[in-house]
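What follows is one structure encoded as structure tokens, with my remarks underneath.
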Amino acid sequence: MRAKLACQQRSRDPPKGVNLNAHITDKLEDLAEIYDKVLGDPYKAKNHNLAANAIKDLPFKATRIEQLVDPPVIPAMASKRSTVRGKINEILTTGRLQKLEELKRNDRVVAVRELTRVWGVGEAKARHLFNVGIKTVNQLRARQMIGLKYFDEFDQRMPREEASAIAGYVERAARRACPGCVAVAAGSYRRGKPTCGDLDVLISPTREWMTAESCGSLGDGRGGVSTFKDILPTVLAELRGKGVLTDDLSVGKDSYMGLARADADADGGGGMGVVPVEPARTHRRIDVKVYAPEELPFALLYFTGSGYFNRSMRYWAKRRFGLSLNDKGIFRETSNAASKVTDAEIDDEADVFEYLRLKYVAPEDRSV
DNA sequence: CGGCAGCGCAC
DNA sequence: GTGCGC
DNA sequence: GCCG
């Protein structure tokens, strides 16, 4: 009775060493791996591997599907409806496998496949990483190493004087890139806390600058940049050059996350010829974001927090008016651009409170 | 159509 | 309970 | 994907 069980068989004796059918099995195995690691279908994977393994053991190179069906290399192959058989047939007749090529062109497939090669990263983790923009092992490694490298430093909060110093660098860089702009440190710094876990700096040009920019009357070599989208890269370049920014975590179109430290050019007033002293200041988490002037009040409100304060405000806006609130504006229903509320002149945070029929609360009092 | 192995470990 | 590796 |  047990005689037929696989676990009662000796393996097919002389281990055949060479695979004469790699032209078939490579494709099947690739497809299996994608089914398993990317598409979350381990059973499809298993069956593709089953066929691949059987074909690997053949003592001849298969060129026609009949050679695999006659005595079926696996039981399923006997059936005309076997989809694996169909795929093998396609490989044998065309030398290609459409389905596989299609999948291999897919961004997500490529990324998840690479990421799951990391021990501890499975399908779910890889999918999540992909969703947050991490698509390669190198990107993952960079992130991981920064986290480890500064593990102890990230634990420490900075005195607000240090936050102020870093923000000062950002502000000066911003003013050079975009004369007249505002650069405000939000977050717990703006709420007046004596220490800060990280630093959010919001940059926003003046309305006048925007107007001048859009009609091309800037950028004539007076030091500022010519377009809105140049602001962030210009500011970052200067801060990197000064050694204020030491590592990047993510660099987007109008949002930056990275590490900064104060007193990078500590000899600022110390005169020239001073040998640069090892700064050795703690690395701090910093976010820099650029907003259009009309968005600034909302961005300020949003990034000044606290998180709890924000939630309660959003809750009110939704329950009382059916409005949704984010860092860019007030929206009806969901926050798509089309539904942005424009019927009110919102010039500062106070206008937002007023629009929502709430009494103004100063930043220092928002640490609820 | 449901089942396809089931476990220990980390979180 | 979920994700992961085996 | 395949099987019962």
Side-chain angles (χ1 to χ4, degrees), chain A residues 1-9 11-12 15 19 21-58 62 64-106 108-141 143-148 150-152 154-155:
Chain A
M1 216 63 310
R2 289 173 295 182
K4 296 179 75 167
L5 291 175
C7 59
Q8 304 291 277
Q9 313 290 320
S11 47
R12 303 281 278 160
N19 174 10
N21 291 289
H23 59 303
I24 303 171
T25 58
D26 285 353
K27 289 184 166 49
L28 292 180
E29 286 180 328
D30 275 5
L31 192 55
E33 190 190 313
I34 293 174
Y35 274 130
D36 189 22
K37 305 285 184 54
V38 186
L39 305 180
D41 203 333
Y43 297 112
K44 275 187 191 177
K46 197 187 70 176
N47 282 302
H48 282 82
N49 279 324
L50 201 66
N53 288 329
I55 294 171
K56 275 187 195 173
D57 286 342
L58 293 175
R64 295 171 298 110
I65 191 71
E66 292 75 30
Q67 298 172 291
L68 307 175
V69 172
D70 183 357
V73 60
I74 53 166
M77 294 282 290
S79 163
K80 210 147 193 159
R81 287 210 310 274
S82 160
T83 45
V84 168
R85 171 167 150 178
K87 287 182 177 113
I88 294 169
N89 190 39
E90 183 187 345
I91 295 170
L92 287 175
T93 55
T94 69
R96 307 172 44 186
L97 187 50
Q98 285 272 179
K99 176 97 179 173
L100 179 61
E101 292 177 15
E102 210 172 285
L103 286 165
K104 280 187 168 179
R105 277 195 299 272
N106 181 296
R108 198 177 70 89
V109 172
V110 172
V112 170
R113 240 182 137 196
E114 174 174 338
L115 292 169
T116 50
R117 291 171 57 201
V118 177
W119 199 97
V121 177
E123 185 202 341
K125 186 69 177 179
R127 197 186 316 127
H128 176 253
L129 290 170
F130 180 84
N131 288 339
V132 299
I134 298 176
K135 304 180 178 184
T136 69
V137 170
N138 271 337
Q139 287 174 358
L140 183 58
R141 176 184 282 133
R143 189 71 59 103
Q144 175 78 350
M145 291 188 65
I146 285 172
L148 288 174
Y150 300 117
F151 180 82
D152 299 306
F154 284 2
D155 254 6

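Residue numbers begin at 1 in each chain, while the letters A, B, ... track the order of the sequences. Since this is a predicted model, take the numbers as computed values, not measurements.
Between the side chain of N47(A) and the backbone N or O of Y43(A) there is at least one donor-acceptor pair closer than 3.5 Å. Looking only at distances, no side-chain donor or acceptor of H48(A) sits under 3.5 Å from a matching main-chain atom of K27(A). No side-chain donor-acceptor contact under 3.5 Å links N89(A) to the backbone of I65(A). Proximity of a side-chain donor or acceptor of Q139(A) to a complementary backbone N or O of K135(A) within less than 3.5 Å is detected. For the pair E90(A) (side chain) and Q98(A) (backbone), a donor-acceptor distance under 3.5 Å is present.
Contact record, T116(A) with A126(A): CG2-CB, 3.7 Å, taken as the closest heavy-atom pair. Considering all non-hydrogen atoms of both residues, L100(A) and L31(A) come closest at CD1-N, 3.8 Å.
Of the residues in residues 95-102 of chain A, not one places a heavy atom less than 4.0 Å from an atom of DNA chain D.
The outermost nucleotides of DNA chain D lying under 4.0 Å from heavy atoms of chain A, listed 5' to 3', are dG1(D) to dC3(D).
Here R141(A) pairs with nothing under the salt bridge (Lys or Arg N to Asp or Glu O under 4.0 Å) rule; sequence neighbours left out. For E114(A), the salt bridge (Lys or Arg N to Asp or Glu O under 4.0 Å) test picks out no residue, with sequence neighbours left out. The salt bridge (Lys or Arg N to Asp or Glu O under 4.0 Å) search around R85(A) returns none, not counting sequence neighbours. For Q67(A), the side-chain hydrogen bond (donor to acceptor under 3.5 Å, both in side chains) partners at least two apart in sequence or on another chain are T63(A). Partners of D36(A) according to the side-chain contact (heavy atoms from CB on, under 4.5 Å) rule, which considers only residues two or more places apart in sequence or in another chain, are P42(A), A45(A). Residues passing the salt bridge (Lys or Arg N to Asp or Glu O under 4.0 Å) test with R64(A), sequence neighbours excluded: E66(A).
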Enumerate donor-acceptor pairs with a distance under 3.5 Å from any side-chain N or O in residues 127-134 of chain A to protein atoms, sequence neighbours excluded.
residue	atom	partner	partner atom	Å
R127(A)	NH2	E123(A)	OE2	2.8
N131(A)	ND2	R127(A)	O	3.4

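Test L103(A), N106(A), V110(A) against I34(A) for side chain to side chain contact (heavy atoms under 4.5 Å, CB included) and you get one pass: L103(A).
Within the 4.0 angstrom heavy-atom criterion, no nucleotide atom of any strand lies near S79(A).
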- Could you write nucleotides 1-6 of chain C as a row of B, S and -, 5' to 3', where a protein heavy atom under 4.0 Å of any base atom gives B, of only sugar-phosphate atoms gives S, and otherwise -? --SSSS
Below 3.5 Å is the cut-off: list the nitrogen or oxygen pairs between protein and nucleotides 2-6 of chain B, distance only.
none

Sort me out a list of protein N/O and nucleotides 7-11 of chain B N/O pairs below 3.5 Å, or just none if empty.
none

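Comparing dC4(C) with dA5(B), their C1' atoms are spaced 16 Å from each other, to the whole Å.
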